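Following: one structure in structure tokens, then a few remarks.
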Number of protein chains: 2
Amino acid sequence: MTALHSLSHRVDCNACPIRHRAVCAKCETDELEQLNRIKFYKTFTAGQVIAIRGEQLDIVASIVAGTASLTRSINDGRVQMIGLLLPSDFIGRPGREAAPYDITAITDVTLCCFHKRPFERLLLEMPHVGERLLEMSLDELDAARDWMLLLGRKTARERIASLLALILKRANLPMDLQGEGCQIDLPITREMMANFLGLTIETVSRQLTGLAKEGIIQIEGKRGIHVPDLSALLAETGDDTDGGVDY
Amino acid sequence: MTALHSLSHRVDCNACPIRHRAVCAKCETDELEQLNRIKFYKTFTAGQVIAIRGEQLDIVASIVAGTASLTRSINDGRVQMIGLLLPSDFIGRPGREAAPYDITAITDVTLCCFHKRPFERLLLEMPHVGERLLEMSLDELDAARDWMLLLGRKTARERIASLLALILKRANLPMDLQGEGCQIDLPITREMMANFLGLTIETVSRQLTGLAKEGIIQIEGKRGIHVPDLSALLAETGDDTDGGVDY
DNA sequence: CGCGTGATTGAAATTTATCAAATCGCGTGG
DNA sequence: CCACGCGATTTGATAAATTTCAATCACGCG
């Protein structure tokens with residue numbers, strides 16, 4: 001928190017951890033300066049609600065640090081996670097008043113925010129931002145559609161394996177060398193896994209222990225998972241080749 | 001087909017049926033002229049494959065007429081429809097070599113195509129195209145995420161009702177007045193419905209007859225469905241208010 | 001040391017898929 | 001005009017997967 005707070009005023013964009021991946025990735029120095037002038041930081045603690053579907057949301061923002069979830073839900077309590085926001089991901093939608101989904105901080109989160117109106121104006125003047133936003137949106141669209149295949153057609157076991165593979169791929173980027181075993185530190189609870197996968201927590205739990213019994217994974221405490229043989233895990237995802245979940 | 005063929009060369013963009021909804025919607029006359037110079041038409045007959053996931057696709061295109069499906073599948077035959085392309089929808093992705101999903105013509109389809117390289121160049125010069133493409137992509141993203149809720153958390157009956165409601169909303173725009181009953185002419189087979197909803201054709205069939213037995217719908221032949229009371233149908237979708245599937 | 005939350009396990013119920021067999025709709029050829 | 005045949009759909013019986021309900025376990029914390 002104190003570390004987050006130290007960000008709370010002016011921070012040099014060039015020192016920003018998401019400088020080269022966020023909406024500002026393509027900006028030149030002068031464009032960056034314009035953004036810098038109107039940006040402001042906001043922090044949320046784990047569990048806090050960032051936005052509620054249907055309610056007015058007049059900022060847009062990039063995630064600087066932390067993880068947040070996008071969810072949609074049905075009145076009777078059913079919840080479906082529809083996206084995971086990691087650093088550099090974008091929140092909010094130029095040209096729309098209300099938030100289209102619920103957004104909740106999973107860990108402590110720091111946002112680099114802009115008021116929507118000024119941001120929309122900049123969008124028209126600075127093509128680089130719009131271009132980057134388009135790229136990012138199309139990537140998210142691909143990810144959402146991949147997830148539709150999982151939710152519509154994969155078995156519980158395949159879903160679990162796919163999720164683990166996805167987390168490995170996202171978290172452990174420099175893992176090429178680890179011919180022998182990878183380590184996962186699950187960033188989410190069983191309940192969130194269930195909401196992500198369209199399953200119940202009991203099914204998640206059972207499938208995890210099932211995979212463990214067959215030696216495909218080893219469960220280490222509540223959050224730790226060890227994968228001795230990545231290709232064995234990928235073979236369980238239901239995806240075509242051993243190339244796995246690539247998009 | 002002959003009608004389609006008559007489009008095969010130069011057509012005035014101002015007479016184009018999708019002029020105000022497609023990527024070119026925001027273009028001025030001169031921009032339109034630039035697009036017009038490099039565009040070309042292509043037609044596909046019902047059932048033809050337009051693109052295959054993973055294979056090179058070096059055009060982008062707008063659907064001028066007809067309907068196409070986006071699908072992803074698993075080697076063992078499981079298929080999930082991840083999108084429905086209607087007139088004005090956009091195909092292809094600037095900045096990506098391969099098609100990210102399979103695209104198939106459901107009905108006869110006419111495309112307004114551009115080679116990818118020239119289109120990408122225009123994209124940099126003509127902000128209006130990029131802006132519109134961003135809007136459209138964000139809308140698709142919202143639709144994909146709504147569908148994730150359906151695939152992950154809705155029951156078979158709710159899925160069927162949601163689909164019927166969606167089709168009504170899309171096809172029957174001026175239906176506000178029809179306090180008494182709406183008519184659906186299903187544009188797709190049971191198999192496609194099943195692939196769309198993440199169900200089997202048998203389950204689709206059973207749920208339809210179930211809804212019919214309760215008087216919520218009336219099945220008229222293979223493709224016709226009559227909805228005597230829209231709100232009764234919406235009540236079955238599982239969505240919050242009677243506002244239904246609005247996003 | 002007990003409490004509480006999250007996780008696991010078990011048994012039964014429910015939903016949906018699977019396999020198999022009618023039935024329907026409709027165009028074709030006799 | 002009508003019988004035939006084919007693909008799509010419906011229906012039935014059964015099986016499998018997942019959910020639900022209930023109980024127990026594990027662990028961090030005051």
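Just so it is clear, the model here is predicted, and its values are computed rather than measured. In what follows, chains carry the letters A, B, and so on, assigned in the order in which the sequence lines appear, proteins first and then strands, with residues in each chain numbered from 1.
- Side-chain contact between B/Ile103 and B/Ile91 is present, with at least one heavy-atom pair separated by less than 4.5 Å.
- Taking atom CD of B/Glu202 as the reference point, atom P of C/dA22 lies 16 Å away to the nearest angstrom.
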Let me have the donor-acceptor pairs involving side chains of residues 213-221 of chain A, under 3.5 Å, with sequence neighbours excluded, atom names and distances please.
unit_1, atom_1, unit_2, atom_2, d
A/Glu214, OE1, A/Arg157, NH2, 3.4
A/Glu214, OE2, A/Arg157, NH2, 2.6
A/Glu220, OE1, A/Gln183, NE2, 2.7

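- Salt bridge A/Glu158/B/Arg78: present, at least one basic N to carboxylate O contact under 4.0 Å.
- Distance CD (A/Glu191) to P (D/dT19): 14 Å, rounded to an integer number of Å.
- Atom-to-atom distance recorded for A/Ile184:CD1 and A/Arg170:CZ is 13.5 Å, nearest 0.5 angstrom.
- Of the residues in residues 207-222 of chain B, those lying under 4.0 Å from DNA chain C by heavy-atom distance are B/Lys222.
- Atom-to-atom, CD1 of A/Ile225 to P of C/dA7 comes out at 11 Å; the value is rounded to the nearest Å.
- Salt-bridge annotation for B/Arg93 and A/Asp139: present, with a side-chain N of the basic residue lying under 4.0 Å from a carboxylate O of the acidic one.
- Put simply, CZ on B/Arg153 is 16 Å from P on C/dT15, counting in whole angstrom units.
- In this structure, CG of A/Leu199 is placed 14 Å from P of C/dT16, rounded to the nearest angstrom.
- Between the CE atom of A/Met192 and the P atom of C/dT5 there is a distance of 16 Å, rounded to whole Å.
- With 3.5 Å as the limit, one finds a donor-acceptor pair spanning the side chains of B/Thr45 and B/Gln48.
- Nearest-nucleotide assignment on DNA chain C puts the 5′-proximal partner with A/Thr189, out of B/Ala156 and A/Thr189.
- To the nearest angstrom, C1' of C/dA17 lies 15 Å from CG of B/Leu197.
- In this structure, B/Ile201 CD1 and B/Arg190 CZ are separated by 10.0 Å, a value rounded to the nearest 0.5 Å.
- Spacing between atom CZ of B/Arg206 and atom P of C/dC19 amounts to 13 Å, rounded to whole angstrom units.
- Note on B/Thr203: a side-chain N or O is less than 4.0 Å away from OP1 or OP2 of C/dA17.
- Counting non-hydrogen atoms under 4.0 angstrom, B/Ile201 reaches nothing in the nucleic acid.
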